Amino acid sequence: MTTGAVQQITADEARRAALRAQGLLGRDPNGGVDGLLRRVGAVQLDTISVLARSHELVAYARLGGAGRTTVEQAYWGQPARAFEYYAHANCVLPIEAWPFFAFRRRQWRKRPMRGLSARVLGKVRARLRDGPVTASDLGGARKDGGGWWNWSESKHAIEMLYHRGEAVCTSRRGWKRIYDLPERALSSRMLGDEPSDAECFRYLVRCAGRALGVGTRRDIANYFRLTTKPVGSPPDAHALLDAAIADSGLVPVNVEGWRETAFADPAALASLAREQHRVTLLSPFDSMVWERERTERLFGFTFSLEAYVPKAKRAHGYFTMPLLADGRLVGRVDPARDGKTLVVRKLTLDDQSAVSAMASALREAASWVGCDRVRVEQARPRSMAAAIRKAVS
């Protein structure tokens, strides 16, 4: 790496900086799930559960067999150490980040509550004042016979209050959000802190920079959707972003093969020594691979979540999990479970030398979810199918 007005770093250095920032290069044995959450800044939540739900897979990828109880205690235990809110998507975030989403809550408060009657809003507010509630407590999340997004009016109302900051979620019951009043769930010190938009952007840009290791302006903005209008960004979001980057302590770098100037966390650049890589499967909702264009830029690897693609048109499967090995993404797996068997419905290897890594990742994942056998149904390239089946058996 050379020095100058703008530092030059290789594509390999950028990739290792990103992996280390995400906790996928080397290990912090003392950080646990709490440390992981603070390192990555946000863990995306999703309803899809294959091997496990995505928030568990994110912890597993970095920490190995962290149990469900350990993970959920870190996210939803009491007293609150984390909260849920819209960050990159719906995410669980460290509790200390609550004040710095004030910019988004303010934007939501400016929106008219179209389609919500004053009677229903008043009823939901009154029920919330009486104590914490789930959507079921308010009459149910969906209209009778409705689909997943066909929300009832009470569900719309509590979600609107949640976005506006009049309700907060720091706990779940099963997979149901428990909504509470901020003044009951959060400390008075935290509630008394109302940062300006500029202060919010500075905090979140620094968090994004640390979590990315190295990223372009767009990478930094997208980590917490800072400039995306539909999720509550202020009108001057782009100016706020540029000012926050300039004041963030991130250093400009030119990365080999990247078209745009990037910005790096100095700590990431100072710790590029080679360390032990994780061999693991990543959730498609993992923050390491949130942005597909960035993933291709870092790893030369393309993939997409095909859960919402018609089955006949899926190239790699319903819940495609990239294989991370030796600091590179070298394959894809579409897993399922059949009793005590981990079923690999589709498997693709891009690197013929990664057969043993794939087998290791599959055996470890099977053990983690209580399976004692791995069955590979389809493998590509076909010339490697026999070797893959032999390696995982």
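Values in this document were obtained by computation on a predicted structure and should not be read as measured data. Keep in mind that the numbers below use all heavy atoms, side chains included, and drop hydrogens, waters and symmetry copies.
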Check this for me: [X], atom [atom1], are more than 12 non-hydrogen atoms of other residues, nucleotides or ligands nearer than 6.0 Å?
| X | atom1 | result |
| --- | --- | --- |
| R184 | CZ | yes |
| R68 | CZ | no |
| E96 | CD | yes |
| R328 | CZ | no |

Should D219 and R294 be marked as a salt bridge (charged side-chain N to carboxylate O under 4.0 Å, His left out) after you check the CA-CA gap, both sets of side-chain angles, and the distance that decides it?
CA-CA 7 Å; D219 295 336; R294 173 179 165 81; 3.2 Å; yes
Whether [X] and [Y] hold their rings parallel, tilted or perpendicular, with breakpoints at 30° and 60°:
| X | Y | answer |
| --- | --- | --- |
| F101 | Y85 | perpendicular |
| H88 | W290 | parallel |
| W98 | F83 | perpendicular |

For a quick test of reading the model, state the closest non-hydrogen atom pair linking [X] to [Y] and the distance between them.
| X | Y | value |
| --- | --- | --- |
| T320 | G317 | OG1-O, 3.4 Å |
| A42 | F224 | CB-CE2, 4.0 Å |
| K340 | G370 | NZ-O, 2.9 Å |
| M288 | L19 | SD-CD2, 3.9 Å |
| D265 | G209 | CB-O, 3.8 Å |
| P182 | G165 | CG-O, 3.1 Å |

Give the cluster check for [X] versus [Y]: same hydrophobic cluster or not, with ILVMFWY residues linked at side-chain heavy-atom distances below 4.5 Å.
| X | Y | value |
| --- | --- | --- |
| L51 | L282 | no |
| L128 | W108 | yes |
| L329 | M321 | no |
| F201 | Y223 | yes |
| L281 | L324 | no |

I'd like to know whether L323 forms a side chain to side chain contact (heavy atoms under 4.5 Å, CB included) with L349, so could you lay out the CA-CA distance, the side-chain angles of the two residues, the decisive distance to 0.1 Å, and finally the verdict.
CA-CA 9 Å; L323 170 67; L349 270 183; 4.2 Å; yes
So, taking the atom named [atom1] in [X] and the one named [atom2] in [Y], what distance separates them when rounded to the nearest 0.5 Å?
| X | Y | atom1 | atom2 | result |
| --- | --- | --- | --- | --- |
| C371 | L362 | SG | CG | 11.0 Å |
| L24 | R15 | CG | CZ | 13.5 Å |
| L161 | R109 | CG | CZ | 11.0 Å |
| N254 | T10 | CG | OG1 | 12.5 Å |

Test salt bridge (charged side-chain N to carboxylate O under 4.0 Å, His left out) applied to R104 and D197, step by step:
CA-CA 9 Å; R104 183 155 290 158; D197 287 359; over 6 Å; no
Main-chain N/O of [Y] paired with [X] side-chain donor or acceptor, under 3.5 Å:
| X | Y | answer |
| --- | --- | --- |
| Q8 | E256 | no |
| H277 | G327 | yes |
| K346 | R314 | yes |
| D334 | Y318 | yes |
| T295 | E291 | yes |
| R164 | E159 | no |
| S233 | L226 | yes |
| R375 | V344 | no |
| E306 | A315 | yes |
| R62 | Q22 | yes |

Within-4.5 Å side-chain heavy-atom neighbours: [X] and [Y]:
| X | Y | result |
| --- | --- | --- |
| P335 | R345 | no |
| L45 | R172 | yes |
| R105 | Y162 | no |
| S283 | F319 | yes |
| H316 | R380 | yes |
| L342 | R373 | no |
| T170 | Q78 | yes |
| V92 | E72 | no |

Please determine whether salt bridge (charged side-chain N to carboxylate O under 4.0 Å, His left out) holds for the pair E296 and R292, giving the CA-CA distance in whole Å, both sets of side-chain angles, and the decisive distance to 0.1 Å.
CA-CA 6 Å; E296 186 167 1; R292 305 318 190 213; over 6 Å; no
Begin with the C-alpha distance, continue with both residues' side-chain angles, and end with the deciding distance and a verdict on side-chain hydrogen bond (donor to acceptor under 3.5 Å, both in side chains) for T341 and D338.
CA-CA 5 Å; T341 299; D338 180 10; 5.7 Å; no
Under a 4.0 Å N-O cut-off, is there an ion pair linking [X] with [Y]?
| X | Y | value |
| --- | --- | --- |
| R129 | D180 | no |
| R53 | D46 | no |
| D12 | R16 | yes |

R127 vs D130, test: salt bridge (charged side-chain N to carboxylate O under 4.0 Å, His left out). Steps then yes/no.
CA-CA 5 Å; R127 181 65 183 82; D130 288 340; 5.2 Å; no
Kindly determine whether Y75 and L93 satisfy side chain to side chain contact (heavy atoms under 4.5 Å, CB included), including the steps that lead there.
CA-CA 8 Å; Y75 294 162; L93 302 119; over 6 Å; no
Does the side-chain hydrogen bond (donor to acceptor under 3.5 Å, both in side chains) test come out yes or no for N222 and R217, once each step is laid out?
CA-CA 9 Å; N222 284 344; R217 179 186 184 276; over 6 Å; no
Check the pair Y179 / E84 against side-chain hydrogen bond (donor to acceptor under 3.5 Å, both in side chains), numbers first and verdict last.
CA-CA 10 Å; Y179 301 91; E84 291 184 31; over 6 Å; no
Chi angles and distances behind the side chain to side chain contact (heavy atoms under 4.5 Å, CB included) call for F263, V214
CA-CA 6 Å; F263 301 89; V214 59; over 6 Å; no
Checking side chain to side chain contact (heavy atoms under 4.5 Å, CB included) for the pair I158/L138: CA distance, chi angles, key distance, verdict?
CA-CA 9 Å; I158 194 65; L138 297 171; 3.8 Å; yes
